[in-house]
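On a predicted model such as this, the values are computed, not experimentally measured, just so you know.
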Amino acid sequence: MANFIDLKDLSKDQLLDLISLSLKWKNEPHTKFMQDKHVVLIFEKPSLRTRVSFEIGINQLGGSSHILNEKEMQLGERETIEDTARVLERYADLVVIRCFGHDQIIKYAKTSSIPVINALTDFSHPCQVLADLVTIKEKIGEFENKKIAWFGDCNNVLQSWIEASALLNIQLYIACPEGILPNKDTLYWAKNINKNIIVTHDPKQAALGADCLITDTWNSMGDSKETPEKLFKPFQVNNDILKLANENVMFMHCLPAYRNKEVTSEVIESQNSVVFDEAENRLHAQKAIMKFCLTK
Ligand code: CP
Ligand code: NVA
């Protein structure tokens, strides 16, 4: 059994195997290896893609899914996180958790005798970034010598992107406002492994010759206060940014997107945009993650 909490917990080969398996199962029939497997999914925050793709993926693999939404479950509120884990392990084979504090899922996993999957915390979103990597592999074919550029907020999705870039030696430019920086410890760890992770406050430097442009909302779920738009506006992915990138550049966004905030309507609707393929790949990536957790 293995948890899937952060990408940095994986080896490079494990991450590459997950990408390969996601694409294999996307393109050919697979076994229903989850027959008689029961999955509890705890969602303390809203979700469209993660919730539906997990439920349908579990169903396609022959398993059963049981959702607890934010009204039914807030970790640590009605009983301790440890007691919740000790009860659910008596019924289920796997737990998928979307919660606020990263420390909550870590605490849960420490007690749980069944595997735990991180479906997003305030800190990281590894399921999303695995799907992003699958999308890049599918459409560009390789990670080496490709330039990936991130724009805007330094949030949970970026955290998992930094971890993936360190493991796979990806060239990652992070264009963010001054004072809004990635997690210091993560950056220190990642830069020690991969010198090609670069933080800049110049969005043009990040965009120049990029093979992939990525952004996300300027206000993530659970952010304590809204950040002034004026701070982020220079980091909007718009036609000026697109023009600086490679001709065949891909635009990616985990969704939900806020049009004309972090990305213009023109860019998200352009032929460079792969956001719905990226959303589809959540399904394929998560099936591979469940296989990894249940069989390791
Ligand atoms: N990208 C993503 O995780 O979407 P949801 O919040 O809708 O699950
Ligand atoms: N950073 C966003 C991602 C949503 C899928 C959030 O946490 O709200």
remark   = OG of Ser47 to CG of Asn69, rounded to nearest 0.5 Å, is 11.5 Å

message = Once salt bridge (Lys or Arg N to Asp or Glu O under 4.0 Å) is applied, do any residues pair with Asp223, and if so which ones, sequence neighbours excluded?
response = none

query = If you measure from OG on Ser273 to CD1 on Ile268, what distance do you get to the nearest 0.5 Å?
reply = 5.5 Å

query = Looking only at heavy atoms, what is the nearest atom pair of Ile170 and Ala164, with distance?
reply = CD1-O, 4.4 Å

message = With salt bridge (Lys or Arg N to Asp or Glu O under 4.0 Å) as the rule and sequence neighbours excluded, what pairs involving residues 102-130 come up?
response = Lys45-Asp122

task = Verify whether the ring centers belonging to Trp25 and His30 lie closer than 6.0 Å.
result = yes

Residues forming a side chain to side chain contact (heavy atoms under 4.5 Å, CB included) with Ile67, sequence neighbours excluded = Leu41, Phe43, Arg51, Glu55

request  = Ignoring hydrogens and angles, tell me if any N or O in the side chain of Asn194 forms a donor-acceptor pair with the backbone of Ala190 under 3.5 Å.
outcome  = no

query = What residues, two or more places apart in sequence or in another chain, satisfy side-chain hydrogen bond (donor to acceptor under 3.5 Å, both in side chains) together with Trp161?
reply = Asp132

key: Smallest separation among heavy atoms of Phe292 and Gln14, with atom names   = CE1-NE2, 3.7 Å

task = Would you check if the side chain of Asn156 reaches a backbone N or O of Thr121 as a donor-acceptor pair within less than 3.5 Å?
result = yes

task = Could you walk me through whether Ser124 and Asn118 pass the side chain to side chain donor-acceptor pair (under 3.5 Å) test, one step at a time?
result = CA-CA 8 Å; Ser124 59; Asn118 174 3; 3.0 Å; yes

inquiry  = Applying side-chain hydrogen bond (donor to acceptor under 3.5 Å, both in side chains), can you list everything that pairs with Glu70, at least two apart in sequence or on another chain?
reply    = none

ask   = Hey, does Pro126 have a side-chain heavy atom less than 4.5 Å from the side chain of Ile5?
value = no

key: Distance (rounded to the nearest 0.5 Å) between Met290 CE and Phe54 CZ   = 5.5 Å

task = Using modelled atom types only, decide if a donor and an acceptor are shared between the side chain of Asn3 and the backbone of Pro115 within a distance under 3.5 Å.
result = no

inquiry  = I need the full list of ring-ring contact (aromatic ring centres under 6.0 Å, His included) pairs touching residues 204-233, with sequence neighbours left out, sorted by first then second residue.
reply    = Trp218-Phe232

task = Specify the closest pair of heavy atoms between Met252 and Cys212, including all atoms of both residues, with the distance to one decimal.
result = SD-SG, 3.3 Å

ask   = Do Asn59 side-chain atoms and Gly62 backbone N/O form a donor-acceptor pair below 3.5 Å?
value = no

message = Could you check whether any side-chain heavy atom of Met221 comes within less than 4.5 Å of a side-chain heavy atom of Arg98, counting everything from C-beta outward?
response = yes

task = Write down the atom of Thr84, the atom of Glu79, and the distance for their closest heavy-atom approach.
result = OG1-CG, 3.5 Å

inquiry  = Quick one, Ser165 and Ile148 - any side-chain contact, counting heavy atoms below 4.5 Å?
reply    = no

request  = Could I get the full list of side-chain hydrogen bond (donor to acceptor under 3.5 Å, both in side chains) partners for Lys191, not counting sequence neighbours?
outcome  = none

message = Which residues pass the salt bridge (Lys or Arg N to Asp or Glu O under 4.0 Å) test with Asp277, not counting sequence neighbours?
response = Lys139

message = A side-chain contact here means heavy atoms from C-beta on lying under 4.5 Å apart; do Pro182 and Ile174 qualify?
response = yes

task = Indicate, with yes or no, if Phe143 and Tyr173 share a hydrophobic cluster defined by side-chain heavy-atom contacts under 4.5 Å among Ile, Leu, Val, Met, Phe, Trp and Tyr.
result = no

request  = Would you tell me whether Asn169 and Asn196 have side-chain atoms, one donor and one acceptor, within less than 3.5 Å of each other?
outcome  = no

inquiry  = Going by the rule salt bridge (Lys or Arg N to Asp or Glu O under 4.0 Å), which residues pair with Glu28 if we only count those two or more places apart in sequence or in a different chain?
reply    = Lys24

query = Ser112 side chain to Ala109 main-chain N or O, any donor-acceptor pair under 3.5 Å?
reply = no

Side-chain donor or acceptor of Asn281 paired with backbone N/O of His284 under 3.5 Å = no

task = Evaluate the side chain to side chain donor-acceptor pair (under 3.5 Å) criterion for residues Ser64 and His38: first the C-alpha distance (whole Å), next the side-chain angles of each, then the deciding distance (0.1 Å), finally the verdict.
result = CA-CA 5 Å; Ser64 74; His38 306 289; 2.6 Å; yes

ask   = Closest approach of Lys12 and Leu168, non-hydrogen atoms and distance?
value = CG-CD2, 3.9 Å

Verdict with supporting geometry, Thr135 and Glu278, side chain to side chain donor-acceptor pair (under 3.5 Å) = CA-CA 6 Å; Thr135 310; Glu278 186 185 354; over 6 Å; no

key: salt bridge (Lys or Arg N to Asp or Glu O under 4.0 Å) involving Lys261 - partner list, sequence neighbours excluded   = Glu229

ask   = Is a donor on one side and an acceptor on the other found under 3.5 Å between the side chain of Asn238 and the backbone of Thr264?
value = no

request  = Kindly say whether Val263 contributes a backbone atom to a donor-acceptor pair with the side chain of Gln236 at under 3.5 angstrom?
outcome  = no

remark   = Residue set satisfying side-chain hydrogen bond (donor to acceptor under 3.5 Å, both in side chains) with Glu82, at least two apart, ordered chain then number -> none

query = Is it true that Glu269 and Arg259 have a side-chain N and a carboxylate O under 4.0 angstrom from each other?
reply = yes

inquiry  = Ignoring hydrogens and geometry beyond distance, is a side-chain donor-acceptor pair present between Gln60 and Lys287 at under 3.5 Å?
reply    = yes

message = I'd like to know if the side chain of Glu262 and the backbone of Thr215 have a donor-acceptor N/O pair within less than 3.5 Å.
response = no

inquiry  = Tell me which pairs pass side-chain hydrogen bond (donor to acceptor under 3.5 Å, both in side chains) where either residue lies in residues 174-189, with sequence neighbours left out.
reply    = Gln159-Thr186, Asn183-Thr186

ask   = Is the backbone N or O of Lys8 less than 3.5 Å from a side-chain atom of Asp6, with the two atoms forming a donor-acceptor pair by type?
value = no

